[in-house]
Undergrad: 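Just passing along the structure, written as C-alpha cells.
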Amino acid sequence: MEKRESKNFIEQIIEKDLADGKFPNGIITRFPPEPNGYLHIGHAKSIVLNFGLTQKYKGKTNLRFDDTNPDTESIEFVESIKRDIRWLGYDWEDREYFTSDYFGKLYEFAKDLIKRDLAYVDDSTPDEILAGKGTVEVPGTNSPFRERSVEENLRLFEGMKNGEFAEGSKVLRAKIDMSQPNMHMRDPVIYRIKRMAHHRTGNEWNIYPMYDFAHGQSDSIEEITHSLCTLEFENHRPLYNWLIEQLGIYPSRQIEFARLNLNYTVMSKRKLAQLVENGVVESWSDPRMPTISGMRNRGYTAAAIRNFCDRVGIAKRDNVIDMSLLEFCVREDLNKVSLRRMAVLDPVKLIIENYPEDQHENLLAENNPEDETAGERKITFGRELYIEREDFMEDPPKKFFRMAPGRFVRLKHAYILECSGFKKDDNGELIEVHARYFPESKSGSDTSGIKAKGTLHWVNAADAMEAKVNMYDRLFKVAEPLADKKVDFLDLVNEDSLNVVEGVKVEPALAEAGSKDHFQFMRKGYFVRDKNAASDELVFNMTVGLRDSWAKKGGK
RNA sequence: AGACCCAUGGUGUAAUUGGUAACACGGCAGAUUUUGGUUCUGUAAUCCUAGGUUCGAGUCCUAGUGGGUCUACCA
C-alpha cells in the first residue's frame with residue numbers, strides 16, 4: 001500500500017522546509033475559490049492537493065472565498081462550493097474565511113503603501129492606463145498622476161472609499177516601475193471604485209481590491225505557509241512577494257503547479273458557463289459536465305475522484321489527462337461497491353418452449369461477487385423473458401458466444417438454454433427468440449454436463465419493470481476542443497452526448513433504488529438513479545460502461 | 001519578438017538528487033471466469049536537438065528548437 005515513495009516537487013519543498021524547522025507549528029494551505037461558478041474536476045485536483053498535504057504533514061487547510069468582485073459573485077455559489085467540498089470528503093472545520101472579511105485590513109494596507117509613497121491615485125481612463133503600460137517589448141510610461149503628494153493621495157483614496165467619485169473615474173495603483181519586463185510590475189491597479197452591493201458586505205464599500213492586492217495579503221493574514229496556485233499566476237509572484245515585503249507582513253510563499261486538463265471536455269468556468277447558456281447541457285450539474293456536481297449526478301464517487309486526482313500527479317508541465325484514467329478510477333471503485341442487477345436495455349422476447357406456461361420459480365442471485373457481505377436477492381424466472389437484442393444473431397461468427405440457432409448459452413443465475421429458433425415480423429425485425437432449457441443445469445446445482453461459452457443477462461417478462469436510461473457519451477467530438485483557436489469550441493460539441501433509452505426492462509429489485517445506490521447492470525455498465533426524475537418514474541443515468549473487449553474487437 | 005516557466009513511452013507521473021530508465025492508465029497477446037466484467041501473466045513502446053563538464057549525464061552548464069503564460073478597473 002505504501003508503495004508510492006516518490007514525492008512531487010511541492011512535497012519535496014515542504015519536507016525541506018520542515019527539515020529546516022521553518023514551521024514548528026505545522027503548515028497551513030488554503031483552497032481559495034471565487035464564488036462565481038460551480039467547482040469542476042480541476043478544482044478537485046487543487047482541493048485534494050491542499051487538503052491532502054495537510055493531512056499528510058501536520059497542518060490545516062483553510063477554505064477562503066475570494067470574493068472581491070461583487071459583479072459576478074453570489075451566495076448561491078458559496079453554498080454549492082461548500083456542498084461539493086464536503087461531498088468530496090474534506091472538512092475545513094471552523095476555518096471558513098472570506099476575503100471580504102479583510103476589506104478593512106486591506107484598506108489599511110493600501111493606506112500604508114500610500115504613506116510610504118508606494119501607491120497613488122490615478123485619474124487616467126482605462127484606455128490611458130492600458131496605453132501607458134507599453135508592450136512586452138516596449139517599456140511603459142509614467143502616469144501624469146504618478147507624482148501626486150502623499151497627502152493628496154490619502155485624501156483622494158479616502159474619497160474613493162466614501163463614494164465621492166464616480167465608478168471608473170479613479171483607481172489606486174502601486175508605484176513600482178513602468179519599465180519592468182514583467183507587466184504585472186508596471187504600476188498595477190490595486191483598488192477600483194465599484195458602487196455595487198456585495199453579497200456579504202452590502203453597501204459598506206465603494207471600492208474593492210484587485211486580486212493581486214487581496215490574495216497575497218489574505219494568505220499573509222491567515223499565515224498560509226504554502227499558497228498553491230496554478231501556472232498562470234507565475235508572473236504574479238514577483239508582485240505577490242513585493243507587496244508582502246513592502247508591507248512587512250507574514251511571508252506566505254506562492255508555489256505554482258500545472259492545472260488539470262481532461263480530453264474531450266473543457267475546464268474553464270467561462271467555457272462551462274457557455275455550455276449552460278447555449279443549452280448544450282441542462283445545467284452546471286448536468287451529468288455530462290466535468291463539474292463536481294455533474295459527476296455526482298452521473299454516479300461518480302468521491303473516492304474515485306480523489307483517487308484520480310492522486311494519480312494524475314502534481315508537476316509544472318502542461319498536461320492533458322486521458323478520460324480513460326478517470327473512467328478507470330470510477331470503475332475500480334464501483335466494481336467494489338455497486339450492487340449487481342439485471343436490466344435489458346434493448347429488449348426482445350425470449351420464449352422457453354419447454355418451460356411450462358404456468359410455472360414460476362424464485363432464484364437467488366448474489367448482489368456483488370466482489371463483496372460477500374453484500375448478500376443476495378431474489379429474482380423470478382418463467383417461460384417468457386427479455387434478453388438483449390444484440391445478444392442474438394441469426395448467422396453469427398464462430399466466436400459469438402451468445403444466442404444463435406443451435407447454440408448453447410447460460411442465463412445468469414438460471415439455466416442453460418439451447419436456441420431453437422426465432423420469429424421475425426413482416427419487416428424482417430426480430431420479435432422473438434425461442435429456446436429450450438435444461439432443467440438439470442440450474443445455476444448452483446448444475447449436473448447437466450453441458451458447456452456454455454457465454455452467459456446472458458435477462459429479465460422475467462412477468463414482473464419486469466419499465467425504466468428509462470440516460471446514456472452518456474463524451475461532450476466533444478475532438479480530444480482537445482480548444483486546440484484550434486480559429487474554431488469555436490461550441491461547434492465541436494458531440495450532439496449525441498445524451499441518448500435517452502426508453503422501454504428498458506429491469507428486475508423488480510431496482511424499484512427501490514435510492515439515488516445514492518450504485519448499480520452495475522450486468523454486462524452493461526454502472527448506473528445510478530436519476531435524482532431529478534419524478535419519484536414514480538424509474539430513470540437511471542449511466543455512470544460509465546463496463547470495459548467491453550468484445551465490442552472493442554469489433555465483435556469478431 | 002521582452003520576461004518568466006516547461007520539455008522522459010500513446011497519456012500522465014517517477015528515478016535513492018551524477019551511477020545508463022520505473023509505476024499507472026491505454027494498446028497487444030494469453031490464462032481464469034456462470035458478467036466478453038473482475039483477477040492474473042506476458043509483451044511492445046520513452047530521456048527534444050547539438051555541444052560541453054565528468055570515469056560516468058534523464059539529472060549539471062551553454063546554445064538551439066518546440067510549447068505555455070503575461071500588456072482586464074476579472075480571478
Side-chain angles (χ1 to χ4, degrees), chain A residues 3-8 12 32-34 36 66-69 71-73 122 124-126 129-140 167-173 180-186 189-194 207-208 210-212 214-215 229-238 256 258 263 269-270 311-329 331-332 335-336 340 342 369-370 399-402 410-414 416 441 443-444 446 452-457 479 520-525 545-553 555:
Chain A
K3 225 181 129 204
R4 313 187 57 208
E5 256 295 351
S6 68
K7 297 171 184 73
N8 65 53
Q12 290 175 15
E34 183 188 12
N36 69 343
D66 211 349
D67 56 350
T68 58
N69 184 7
D71 272 340
T72 55
E73 297 156 2
D122 195 333
S124 305
T125 65
I129 290 178
L130 178 62
K133 288 241 169 162
T135 71
V136 290
E137 289 153 72
V138 179
E167 205 167 293
S169 63
K170 284 179 169 47
V171 292
L172 183 70
R173 291 229 254 170
Q180 285 250 343
N182 184 331
M183 303 297 290
H184 296 288
M185 298 297 272
R186 322 244 264 225
V189 172
I190 57 178
Y191 257 100
R192 78 284 211 184
I193 301 172
K194 250 183 207 296
I207 54 173
Y208 293 93
M210 300 290 291
Y211 166 84
D212 284 309
H215 203 103
C229 63
T230 46
L231 253 29
E232 64 268 31
F233 292 101
E234 234 161 7
N235 292 330
H236 292 245
R237 183 159 23 95
E256 312 86 11
N263 61 11
K269 265 194 235 175
R270 216 184 92 72
R311 285 184 199 240
V312 298
I314 300 295
K316 298 191 72 163
R317 222 184 304 176
D318 289 318
N319 61 82
V320 182
I321 308 292
D322 239 82
M323 196 59 107
S324 63
L325 181 61
L326 213 208
E327 295 185 339
F328 167 82
C329 293
R331 290 193 189 103
E332 183 185 45
N335 178 50
K336 289 183 300 195
R340 298 324 111 119
M342 295 204 282
E370 309 291 322
K399 291 274 201 67
F400 184 78
F401 304 141
R402 307 179 186 181
R410 173 173 291 280
L411 293 183
K412 183 74 185 174
H413 299 129
I416 292 179
S441 69
S443 190
D446 186 352
K453 284 286 257 183
T455 302
L456 306 186
H457 62 281
Q520 184 197 98
F521 289 179
M522 299 198 75
R523 303 208 306 135
K524 283 293 164 189
L546 251 29
R547 281 185 62 197
D548 188 348
S549 54
W550 169 249
K552 200 158 53 191
K553 281 192 273 193

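Sequence lines set the chain letters: A, B, ... in the order given, protein chains first and strands last, and positions in each chain run from 1. Side chains are part of it too, since the values below use all heavy atoms of this structure and drop only hydrogens, waters and symmetry mates.
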Undergrad: Let me know the distance between CZ of A:Arg402 and C1' of B:U34, rounded to the nearest Å.
TA: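 Going from A:Arg402 (CZ) to B:U34 (C1'), I get 15 Å.
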
Undergrad: Ring stacking, A:Trp550 with base of B:G36, under 5.5 Å and under 30°?
TA: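 Given the distance and angle limits, yes, they stack.
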
Undergrad: Please give the distance between the P atoms of B:G18 and B:A57 as a whole number of Å.
TA: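 After rounding to an integer number of Å, I get 13 Å for this pair.
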
Undergrad: P atom, B:U46 versus B:A50: distance in rounded Å?
TA: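 Pairwise P distance, B:U46 against B:A50, rounds to 16 Å.
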
Undergrad: Can you tell me how far CD of A:Glu256 sits from NE2 of A:His236, rounded to the nearest 0.5 angstrom?
TA: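 Result: 10.0 Å between the selected atoms.
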
Undergrad: Using the C1' atom as the point on both nucleotides, what is the distance between B:A31 and B:U17, in whole Å?
TA: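 My reading of the C1' atoms in B:U17 and B:A31 gives 42 Å.
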
Undergrad: Between A:Arg192 (side chain only) and A:Gly168 (backbone N and O only), is there a donor and an acceptor less than 3.5 Å apart?
TA: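 No, the answer is negative, given that no donor and acceptor are paired below the 3.5 Å cut-off.
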
Undergrad: Rounded to whole angstrom units, what separation is found between the CZ atom of A:Arg547 and the C1' atom of B:C25?
TA: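 In whole Å, B:C25 C1' lies 10 Å from A:Arg547 CZ.
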
Undergrad: Under the side-chain hydrogen bond (donor to acceptor under 3.5 Å, both in side chains) test, which residues partner A:Ser324, sequence neighbours left out?
TA: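 Only A:Asp322 meet the side-chain hydrogen bond (donor to acceptor under 3.5 Å, both in side chains) criterion with A:Ser324.
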
Undergrad: Whole Å only: how far is the CG atom of A:Asn319 from the P atom of B:A7?
TA: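 Spelled out: CG on A:Asn319 to P on B:A7 is 12 Å.
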
Undergrad: Pick the nucleotide of RNA chain B nearest each of A:Phe521 and A:Ser324; which residue has the one closer to the 5' end?
TA: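 Whichever sits nearer the 5' end wins; that is A:Ser324.
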
Undergrad: Taking the C1' atom of each, how far is B:C40 from B:U54, in whole Å?
TA: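 About 46 Å, rounded to a whole number of Å.
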
Undergrad: Can you check whether any acceptor in the base of B:U34 is under 3.5 Å from a donor in the side chain of A:Arg410, or vice versa?
TA: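 Check passes, donor-acceptor contact within cut-off.
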
Undergrad: NZ of A:Lys552 versus C1' of B:C25: gap in Å, rounded?
TA: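 The distance from NZ of A:Lys552 to C1' of B:C25 comes to 12 Å, rounded to the nearest Å.
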
Undergrad: Identify whether the glycosidic angle of B:U17 places it syn (within 90° of 0) or anti.
TA: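 Syn, angle within 90° of zero.
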
Undergrad: Do any N or O atoms from the side chain of A:Asn263 and from the backbone of A:Val320 form a donor-acceptor pair under 3.5 angstrom?
TA: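 No, because the side chain of A:Asn263 does not come within donor-acceptor range (under 3.5 Å) of the backbone of A:Val320.
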
Undergrad: With rounding to whole Å, what would you report as the distance between B:C60 and B:A45 at their P atoms?
TA: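 Pairwise P distance, B:C60 against B:A45, rounds to 28 Å.
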
Undergrad: Relative to the 5' end of RNA chain B, which residue comes earlier, A:Asn8 or A:Glu370, by the nucleotide with the nearest heavy atom?
TA: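 The 5'-side residue here is A:Asn8.
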
Undergrad: Could I get a table of every N or O pair under 3.5 Å where one atom is in the protein and the other is in nucleotides 18-21 of chain B?
TA:
none

Undergrad: Whole-Å distance between B:U35 C1' and A:Asp548 CG?
TA: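 Spelled out: CG on A:Asp548 to C1' on B:U35 is 11 Å.
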
Undergrad: Can you tell me the distance, in whole Å, between the CG atom of A:Asn69 and the C1' atom of B:C73?
TA: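 Those two atoms, CG and C1', are 10 Å apart.
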
Undergrad: For B:C74 versus B:C70, give the span between their C1' atoms, rounded off to a whole number of Å.
TA: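 Rounded to whole Å, the distance is 15 Å.
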
Undergrad: Provide the distance between the two P atoms, one in B:G36 and one in B:G42, to the nearest whole Å.
TA: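 Roughly 25 Å separates the two P atoms.
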
Undergrad: Pick the C1' atom in B:U34 and in B:C28, then give their distance to the nearest Å.
TA: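 One C1' to the other, the span is 28 Å.
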
Undergrad: Tell me: CG of A:Asn36 to P of B:A75, nearest whole Å?
TA: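 The distance from CG of A:Asn36 to P of B:A75 comes to 10 Å, rounded to the nearest Å.
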
Undergrad: In what stems does RNA chain B take part, counting only runs of at least 3 consecutive Watson-Crick or G-U pairs whose two distances fall under 3.5 Å?
TA: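 In RNA chain B, stems of three or more pairs: B:2-7 with B:65-70, B:10-13 with B:22-25, B:27-31 with B:39-43, B:48-52 with B:60-64.
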
Undergrad: From CD of A:Gln520 over to C1' of B:G37, roughly how many Å is that when rounded to an integer?
TA: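 The distance from CD of A:Gln520 to C1' of B:G37 comes to 6 Å, rounded to the nearest Å.
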
